[in-house]
J.: 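Let me begin by handing over the structure; questions about it come next.
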Amino acid sequence: MTAFAPELLAWYRQNKRSLPWRDHPDPYAVWISEIMLQQTRVDTVIPYFERWMAKFPTVEVLARADEQAVLNLWEGLGYYSRARNLHRAAKLLVEEHDAQLPEDTKNLMKLPGIGRYTAAAISSMAFGHDAAALDGNIRRVYARIFNVEEALGTTQAEKIFWSLAEDYLPKGDAGDYNQALMDLGATICMPRNPLCESCPISQDCEAYQLDIQDMRPVPKVKKAVPHHVHTAAVIVEDGRVLLAQRPSKGLLGGMWEFPNGRVDGDPAEGLADVIDKGFKLNVEIMNLLVEVRHAYTHFKVTEYVFRCKLIRSSQKVNLRWVSLDELDDYPMGKIDRQIARKLSSPPENEES
DNA sequence: TACCCGTGGAC
DNA sequence: TGTCCAAGGGT
């Protein structure tokens with residue numbers, strides 16, 4: 001049935017990447033790595049994984065940790081709901097499951113942050129169960145092997161991919177098989193310029209036989225990325241700076257930032273709009289900067305503009321004066337951390 | 001279902 | 001500099 005599974009598994013056992021969470025029997029480590037790896041590259045994850053396991057080595061330690069400490073360790077990885085969900089799930093496990101991860105996909109998926117892919121990955125890799133996993137790599141590999149013409153993301157394509165994953169899963173080798181497909185996708189069957197000459201299963205690959213690898217998978221149509229300008233206030237007084245905590249859900253949930261508001265028109269003209277979100281500002285005295293937010297993803301500071309002073313704030317926003325040498329204790333997104341670092345370190349001569 | 005959610009590397 | 005996109009999940 002599985003024409004290519006033996007070749008794939010043989011290739012994997014010879015060529016598998018050496019990764020910190022591999023060849024460890026600890027389901028907790030597998031869980032942490034899988035969450036970190038969601039939409040995130042291996043090279044980016046490795047240092048975070050090492051720091052995490054040193055600081056939160058077990059489910060119990062994680063459950064007892066402070067959420068701000070968890071977010072602090074996650075800072076820079078992105079998709080911060082993953083960290084909040086890990087923390088919540090750890091508490092749930094301690095309270096209701098004797099701090100043990102479930103072995104089956106159904107119960108794994110009851111935990112926050114674990115969906116169909118992650119449940120299958122944990123069940124197969126950590127517990128050796130026959131669970132079919134499907135991620136971006138595996139979709140691409142199957143799309144090429146079987147010349148799937150449906151566009152990624154469509155309901156029909158999802159049906160096809162999950163059926164392929166289920167049908168071709170070799171019983172007893174699910175963990176290695178899933179990882180083999182992912183390693184193949186990451187090192188051989190890459191999105192662009194795949195190394196088909198080095199592929200152990202190119203003879204089974206329809207797209208390769210047709211020489212249309214570049215056309216598979218068929219990409220999904222993407223929406224244009226929204227673009228907003230925010231004006232943020234950097235208010236320093238007596239060696240302290242004013243920070244605001246973001247709401248616990250949504251973009252950068254629970255993290256800290258410099259008070260800011262969206263500016264619709266000219267950033268300079270629109271400074272008063274910082275008053276949005278409950279901030280009252282006197283535009284005469286304070287340090288302001290303009291920040292460009294590309295969608296919810298890429299952030300960039302464009303210029304420092306004004307000086308003004310905080311007059312009052314609403315009760316709805318959690319504000320705190322923080323001394324400059326304590327800024328590292330407050331989890332922030334990329335852009336606010338850049339600003340914070342400039343505050344706590346003396347300015348260099350014309351940095352590039 | 002479509003949209004929201006970060007960041008950095010490759011090209 | 002712009003574009004793509006990477007071991008997805010939640011809503």
Side-chain angles (χ1 to χ4, degrees), chain A residues 16-17 19-22 29-49 71 74-86 88-89 108-122 124-126 131-141 151-158 161-162 165 175 177-187 189-193 214 217 219-228 246-255 257 292-300 331-338:
Chain A
K16 68 177 178 181
R17 293 175 287 178
L19 302 173
W21 47 85
R22 274 190 180 161
V30 174
W31 175 35
I32 299 303
S33 69
E34 286 302 331
I35 300 298
M36 286 187 170
L37 286 162
Q38 290 172 359
Q39 301 292 287
T40 310
R41 297 174 185 282
V42 166
D43 290 345
T44 303
V45 163
I46 288 175
Y48 282 89
F49 177 82
L71 283 174
W74 204 270
E75 183 180 303
L77 251 194
Y79 289 139
Y80 298 94
S81 66
R82 295 183 293 176
R84 286 178 266 128
N85 284 335
L86 270 175
R88 274 207 296 149
L108 282 165
M109 285 179 69
K110 292 178 181 173
L111 294 170
I114 297 184
R116 190 172 178 182
Y117 161 76
T118 304
I122 295 172
S124 65
M125 298 175 198
L134 187 62
D135 75 325
N137 283 310
I138 302 177
R139 284 187 183 84
R140 183 172 59 257
V141 172
L152 288 176
T154 64
T155 304
Q156 186 59 20
E158 282 303 279
F161 285 129
W162 277 107
Y177 179 78
N178 289 334
Q179 293 181 86
L181 284 175
M182 289 190 279
D183 268 28
L184 188 77
T187 65
C189 193
M190 299 102 77
R192 284 169 295 199
N193 306 318
D214 292 346
K220 70 165 72 173
V221 288
K222 302 182 194 109
K223 222 184 98 177
V225 180
H227 181 276
H228 302 300
R246 298 182 58 85
S248 56
K249 293 184 176 180
L251 180 69
L252 299 166
M255 308 195 49
E257 66 183 1
V292 178
R293 300 199 168 188
H294 298 274
Y296 33 82
T297 58
H298 290 80
F299 301 79
K300 182 177 165 188
M332 296 179 188
K334 176 188 173 184
I335 194 72
D336 293 279
R337 180 57 69 202
Q338 280 180 10

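Source: prediction; values computed, not measured. Lettering of chains follows the sequences in order, A, B, ..., and the numbering in each one begins at 1.
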J.: Please report the distance, rounded to the nearest Å, between CD1 in A:I122 and P in C:dG8.
T.: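 Taking atom P of C:dG8 as the reference, CD1 of A:I122 is at 13 Å.
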J.: When you measure from the side chain of A:R246 to the backbone N and O of A:L251, does any donor-acceptor pair fall under 3.5 Å?
T.: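 Pair found, side chain donor or acceptor close to backbone of A:L251.
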J.: Using a heavy-atom cut-off of 4.0 Å across all strands, would you classify A:W74 as base, sugar-phosphate, or nothing?
T.: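 If one applies the 4.0 Å heavy-atom cut-off, A:W74 turns out to touch nothing in the nucleic acid.
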J.: Looking at residues at least two apart in the chain, or sitting in another chain, which of them share a ring pair (Phe, Tyr, Trp, His ring centres under 6.0 Å) with A:Y48?
T.: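 Partners of A:Y48 under the ring pair (Phe, Tyr, Trp, His ring centres under 6.0 Å) test: none.
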J.: Taking atom C1' of B:dG6 as reference, at what distance in whole Å does atom CG of A:D336 sit?
T.: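 Answer to the nearest Å: 13 Å.
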J.: What does A:G76 touch in the nucleic acid at a heavy-atom separation under 4.0 angstrom: a base, only the sugar-phosphate, or nothing?
T.: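 Touches sugar-phosphate only.
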J.: Specify the residue among A:G115 and A:R140 whose closest nucleotide of DNA chain C lies further upstream toward the 5′ end.
T.: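 This one resolves to A:R140.
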J.: Starting at atom CD1 of A:I46, determine the distance to atom P of C:dA6, rounded to an integer number of angstrom.
T.: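 Roughly 18 Å, once rounded to whole Å.
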J.: Select from A:R41 and A:N193 the residue whose nearest nucleotide in DNA chain B is closer to the 5' end of that strand.
T.: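 Residue closer to the 5' terminus by nearest nucleotide: A:R41.
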J.: Please give, in whole Å, the distance from B:dG6 C1' to A:M255 CE?
T.: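 So the two atoms are 10 Å apart, to the nearest Å.
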J.: Just checking A:R17: base, sugar-phosphate only, or nothing, at a heavy-atom cut-off of under 4.0 Å?
T.: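 Base, at least one base atom sits under 4.0 Å.
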J.: Mapping A:R192 and A:Q39 onto DNA chain B by nearest heavy atom, which one lands closer to the 5' end?
T.: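 Upstream on the strand: A:Q39.
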J.: What integer distance in Å separates A:L71:CG from B:dC5:P?
T.: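 That distance rounds to 16 Å.
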J.: Here's a test of your reading of the structure: between A:G113 and A:D183, which maps to the more 5' nucleotide of DNA chain C?
T.: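 So the residue in question is A:D183.
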J.: For A:Y117 and A:Q38, does a side-chain donor sit closer than 3.5 Å to a side-chain acceptor?
T.: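 No.
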J.: Over all strands shown, is A:G333 touching base, sugar-phosphate only, or nothing at heavy-atom distances under 4.0 angstrom?
T.: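 Result for A:G333 = sugar-phosphate.
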J.: Considering every strand and a 4.0 Å limit on heavy-atom distances, what is the contact class for A:I138: base, sugar-phosphate, or nothing?
T.: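 Counting heavy atoms under 4.0 Å across all strands, no contact is made by A:I138.
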J.: Remember a base hit wins even if backbone is also touched, and classify A:T44 as base, sugar-phosphate or nothing at under 4.0 Å, heavy atoms.
T.: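 Touches nothing.
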J.: Can you find a donor-acceptor N/O pair under 3.5 angstrom joining the side chain of A:T40 to the base of B:dG6?
T.: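 Donor-acceptor pair under 3.5 Å: yes.
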J.: Between the side chains of A:N85 and A:R88, does any donor sit under 3.5 Å from an acceptor?
T.: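 Distance-only check passes for A:N85 and A:R88.
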J.: What is the separation between atom CG on A:L86 and atom C1' on B:dC5, rounded to the nearest whole Å?
T.: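 These atoms are roughly 15 Å apart.
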J.: Taking the P atom of each, how far is B:dG8 from C:dG9, in whole Å?
T.: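 Here B:dG8 and C:dG9 have their P atoms 23 Å from each other.
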J.: Expressed in angstrom and rounded to an integer, what is the separation of A:R139 atom CZ from C:dG9 atom C1'?
T.: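 Whole-Å distance recorded here is 12 Å.
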J.: Students often get this wrong, so: under 4.0 angstrom with heavy atoms, is A:S33 touching a base, only sugar-phosphate, or nothing?
T.: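 Nothing, no heavy atom under 4.0 Å.
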J.: Under 3.5 Å, is there a donor-acceptor pair between the side chain of A:R82 and the main chain of A:M36?
T.: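 Yes, because the side chain of A:R82 sits within donor-acceptor range (under 3.5 Å) of the backbone of A:M36.
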J.: Atom OH of A:Y48 to atom P of B:dT7: distance rounded to whole Å?
T.: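 Result: 9 Å.
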J.: Once you apply a heavy-atom cut-off of 4.0 Å, does A:L19 come out as touching a base, just sugar-phosphate, or nothing?
T.: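 Since a base atom lies under 4.0 Å of A:L19, the category is base.
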J.: Restricting to side chain to side chain donor-acceptor pair (under 3.5 Å), what partner residues turn up for A:D183, sequence neighbours left out?
T.: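 For A:D183, the residues satisfying side chain to side chain donor-acceptor pair (under 3.5 Å) (neighbours in sequence not counted) are A:R17, A:R22.
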J.: For A:P219, which contact category applies under a 4.0 Å heavy-atom criterion: base, sugar-phosphate, or nothing?
T.: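 Since no nucleic acid heavy atom lies under 4.0 Å of A:P219, the category is nothing.
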